[in-house]
Peer 1: 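Sharing a structure below in structure tokens format, with a few things to ask.
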Amino acid sequence: MAELNLTNPTAEYGKDAIVTLSPREHIRLRPGMYIGKLGDGTQADDGIYVLLKEVVDNSIDEFIMGAGKRIEIKIEGDKVSVRDYGRGIPLEALSDAVSKMNTGGKYGGDAFKKTVGLNGVGVKAVNMLSSHFLARSVRQGEARTVTFSQGLELTDRSESGVAEQNGTYVEFVVDREVFGDYAYNMEYVEQMVKNYTYLNLGLTVVLNGQSYTSKNGLLDLVNDNLSSEPLYAPMHISGEDIEIVITHGNGYGEAYYSFVNGQYTPQGGTHQAAFREAIAKTIKEFYRKDYEPADIRTSIIAAISVRVDDPIFESQTKTKLGSKDKEEGLTMRQFVGDFLSTNLDNYLHKHPETAQMLQKKIVENEKERKAISGVQKKAREAAKKVSLNNKKLRDCKIHYTDKSDLADKTMIFITEGNSASGSITSSRDPRTQAVFSLRGKPLNCHGLTKRVVYENEEFNLLQAALNIEEDMDNLRYNKVIIATDADVDGMHIRLLLTSFFLQFFPDVIRLGHLFILQTPLFRVRNKKETHYCYTDEERQVAVKKCGAQAEITRFKGLGEISAQEFKEFIGEGMRLDKVRLTKDDPIQDMLDFYMGKNTPDRKDFIVGNLRVEEDIVENLKMFN
């Protein structure tokens, strides 16, 4: 349990301390309750993308209801606009629909069924968190336009005889007073747009003039996200309110893309849990073999989409489905299980070659699991013995699996050496930040089997600390952060650790949990101000601010940074680079080249790409 902050226990507590906030004031004061986190646009789940999604979701709901097959999105600097060609918001209700909490057309009746935006909050949050917000609705030649700033209405204009098509246009600029500096990463937006088209056949989304559409639904999604050839052609099965794609790769772990009513649910939920259970049960029954579920699911790459009446999500950001029922009288478990039991079984009977390749993969997984079972048992016993006194792990008090408001802020720093781990440990927040210390460079595990995870003490203790041996459901930290020196050895450790996760726990990367910590290269200061610079460009700007006599320090290792300074780099202003996988990444080829045994080829590549860089700080000292 987190410690209470009792900094001023004698403060007067009277009726004046009780404050009632309006919905607008509450959203602006506590935006995280409505959109998750704020962020600056560098991560795919940052608030600016949630706000964009809330607007687009309304347009998607129109498409689902059979109104409008085209959505146009434009992002120009910090201004975003979304235009759909649906029915348009009823004109007399336009202002209330975009500004009054818990106002909307999705609380009952038949106007919207099996849609996402059901709680009447989303677009209002966008309005109240925007410095500029405009909504325009067109219906049968009549139009109404309202504008707001920070949720306060500025103008309201009605028109007649307009020649525009029916639909809704929303334009907004996210408020920098709330979010600070931010920028849209168009790669994240493009992936969001693609997901919308995968889940909505016949829909065209135009992003900054580029059209996106899908002809094969989830099959396109899986094929677009494969980084190598699958073992067999993906099985694509669909029915009323459900669509599924299944294949297997050559790696470890399980990769799922799950959706509810067109909404991507990266944290899964009841539909994904039902799918994982049902696929194991159906395949065991098909082969009439009592295979272990883990042997069936290892290396699986799958996608599932369901349509649900009035879905219940576990948060406003809708990343995990909580609905136990698909509809009244039918549980999600029964719905998914019955569908797979019939349709996957039929598919395997009709495609014997696929069935044969699938069984071969299951048998291979079974053989490997049994081969390492002995060493696995010893490793588990060793991990249990040190779990109470694991000198490598300085744990935090709250974990990702806890029901805490701080669960999403949990992280573990993987460091090398006592000096680096000492600085981070001294400056961390012990509530949410853990530290795992490596002893030198970890083993290069490329090309090895999972046996090495149990035979290598550090790898075994690391997987135990993360609690990911079986699956990702019990991951103890939201962010797994590699924190190394910004030198050649540090870069090598990053590669070795990234290879470890790619090889044995790719879901840590697929689900967006692995990061690289950026640390400053320079400190520039005078008697009045101090600047920490992560690039040479930032250093040059800082030198101009501090003057020619500025003191410039070049950091060459994490251990050189004091604990007091380190607080700056792992606090609110922490800079992280997410390790990401895309279909264009030739993962196996890159690992073979950089981490494999082709030493002469790699040596030639390094020599051919050598670049000599002058030590900027030393040169500056010479000329000052």
Side-chain angles (χ1 to χ4, degrees), residues 228-232 235 246-256 272-273 275-302 340 344-345 348 352-387 442-475 499-510 587-588 591-592 595-597:
S228 60
E229 282 295 313
L231 292 181
Y232 53 87
M235 297 181 276
I246 304 167
T247 189
H248 278 75
N250 289 298
Y252 294 93
E254 305 172 28
Y256 298 102
Q272 185 169 307
F275 174 71
R276 292 180 72 243
E277 177 186 351
I279 190 171
K281 182 175 183 291
T282 302
I283 287 175
K284 284 199 292 184
E285 290 175 352
F286 174 80
Y287 292 114
R288 298 179 182 177
K289 298 274 188 179
D290 191 23
Y291 292 127
E292 284 287 325
D295 296 332
I296 295 171
R297 295 194 297 252
T298 293
S299 306
I300 194 172
I301 304 164
L340 277 176
L344 178 57
D345 184 86
L348 292 173
E353 290 184 0
T354 296
Q356 185 178 356
M357 286 185 280
L358 173 58
Q359 187 173 34
K360 182 180 178 183
K361 176 60 178 173
I362 295 170
V363 171
E364 288 174 357
N365 290 339
E366 183 180 50
K367 285 181 179 178
E368 181 173 350
R369 176 179 55 80
K370 289 181 177 179
I372 66 173
S373 60
V375 67
Q376 186 180 48
K377 182 178 180 181
K378 291 180 181 178
R380 285 175 177 170
E381 291 173 353
K384 285 181 181 178
K385 288 179 181 178
V386 300
S387 62
L443 177 71
N444 180 1
C445 59
H446 175 60
L448 303 179
T449 68
K450 204 168 186 177
R451 185 186 186 95
V452 73
V453 177
Y454 299 97
E455 292 180 331
N456 182 280
E457 182 186 18
E458 286 196 317
F459 285 161
N460 184 40
L461 293 178
L462 179 56
Q463 78 162 356
L466 299 177
N467 201 19
I468 54 174
E469 180 184 3
E470 297 295 336
D471 52 45
M472 292 291 294
D473 291 345
N474 297 303
L475 176 67
S499 298
F500 166 75
F501 285 108
L502 278 172
Q503 183 88 354
F504 302 118
F505 303 102
D507 291 350
V508 173
I509 299 176
R510 287 194 191 107
I587 303 300
Q588 195 58 45
L591 285 175
D592 288 342
M595 309 306 292
K597 298 180 180 180

Peer 1: With side chain to side chain contact (heavy atoms under 4.5 Å, CB included) as the criterion, how do Leu466 and Phe505 come out once you've worked through the C-alpha distance, each side chain's angles and the decisive distance to 0.1 Å?
Peer 2: CA-CA 11 Å; Leu466 299 177; Phe505 303 102; over 6 Å; no
Peer 1: Can you tell me how far CD of Gln359 sits from CD of Glu366, rounded to the nearest 0.5 angstrom?
Peer 2: 10.0 Å
Peer 1: To check you understand the geometry: which heavy-atom pair defines the closest contact between Ile279 and Ile246, and what is its length?
Peer 2: CD1-CD1, 3.6 Å
Peer 1: Could you tell me whether a side-chain N or O of Tyr232 sits under 3.5 Å from a main-chain N or O of Gln356, the two making a donor and an acceptor?
Peer 2: no
Peer 1: Which residues pass the side chain to side chain donor-acceptor pair (under 3.5 Å) test with Arg510, sequence neighbours left out?
Peer 2: Asp507
Peer 1: Hey, mind stepping through Ile362 and Leu358 against side chain to side chain contact (heavy atoms under 4.5 Å, CB included) and telling me if it holds?
Peer 2: CA-CA 6 Å; Ile362 295 170; Leu358 173 58; 4.1 Å; yes
Peer 1: Of all residues at least two apart in sequence or in a different chain, which pass the side chain to side chain contact (heavy atoms under 4.5 Å, CB included) check with Glu292?
Peer 2: Asp295, Arg369
Peer 1: Working to the nearest 0.5 angstrom, can you tell me the gap between Leu344 CG and Met235 CE?
Peer 2: 5.5 Å
Peer 1: Holding to side chain to side chain contact (heavy atoms under 4.5 Å, CB included), I want the full list of residues that pass it with Lys284, two or more places apart in sequence or in another chain.
Peer 2: Asp290, Tyr291, Ile296
Peer 1: Applying salt bridge (Lys or Arg N to Asp or Glu O under 4.0 Å), can you list everything that pairs with Glu254, at least two apart in sequence or on another chain?
Peer 2: Arg276, Arg297
Peer 1: Kindly indicate, with the supporting measurements, whether the criterion side chain to side chain contact (heavy atoms under 4.5 Å, CB included) is fulfilled by Phe459 and Phe504.
Peer 2: CA-CA 10 Å; Phe459 285 161; Phe504 302 118; 5.6 Å; no
Peer 1: Could you state the interatomic distance from CD1 (Ile468) to CG (Asn474), rounded to the nearest 0.5 Å?
Peer 2: 11.0 Å
Peer 1: Testing the basics here: between Ser299 and Asn250, what is the closest heavy-atom pair and its distance to 0.1 Å?
Peer 2: OG-C, 4.1 Å
Peer 1: Between Leu340 and Lys281, is any pair of side-chain heavy atoms under 4.5 Å apart?
Peer 2: no
Peer 1: Just jot down the salt bridge (Lys or Arg N to Asp or Glu O under 4.0 Å) partners of Glu368, sequence neighbours excluded, or say none.
Peer 2: none
Peer 1: How close do Met357 and Leu231 get, counting heavy atoms only, and between which atoms?
Peer 2: SD-O, 3.3 Å
Peer 1: With sequence neighbours left out, write down each residue that passes side chain to side chain donor-acceptor pair (under 3.5 Å) with Thr282, or none if nothing qualifies.
Peer 2: none
Peer 1: I'd like to check the side chain to side chain donor-acceptor pair (under 3.5 Å) partners of Lys360; sequence neighbours left out, ordered by chain and number.
Peer 2: none
Peer 1: Asn444: which residues meet the side chain to side chain contact (heavy atoms under 4.5 Å, CB included) condition with it, sequence neighbours left out?
Peer 2: His446, Leu496, Met595
Peer 1: Tell me every residue that passes side chain to side chain donor-acceptor pair (under 3.5 Å) with Glu364, counting only those two or more places apart in sequence or in another chain.
Peer 2: none
Peer 1: Of all residues at least two apart in sequence or in a different chain, which pass the side chain to side chain contact (heavy atoms under 4.5 Å, CB included) check with Leu448?
Peer 2: Leu443, Cys445, Val452
Peer 1: Residues two or more places apart in sequence or in another chain: which of them pass ring pair (Phe, Tyr, Trp, His ring centres under 6.0 Å) with Phe501?
Peer 2: none
Peer 1: Please list, chain by chain and in numerical order, all residues satisfying salt bridge (Lys or Arg N to Asp or Glu O under 4.0 Å) with Lys289, sequence neighbours excluded.
Peer 2: none
Peer 1: I need the Asn365 CG to Lys370 NZ distance, nearest 0.5 Å.
Peer 2: 12.0 Å
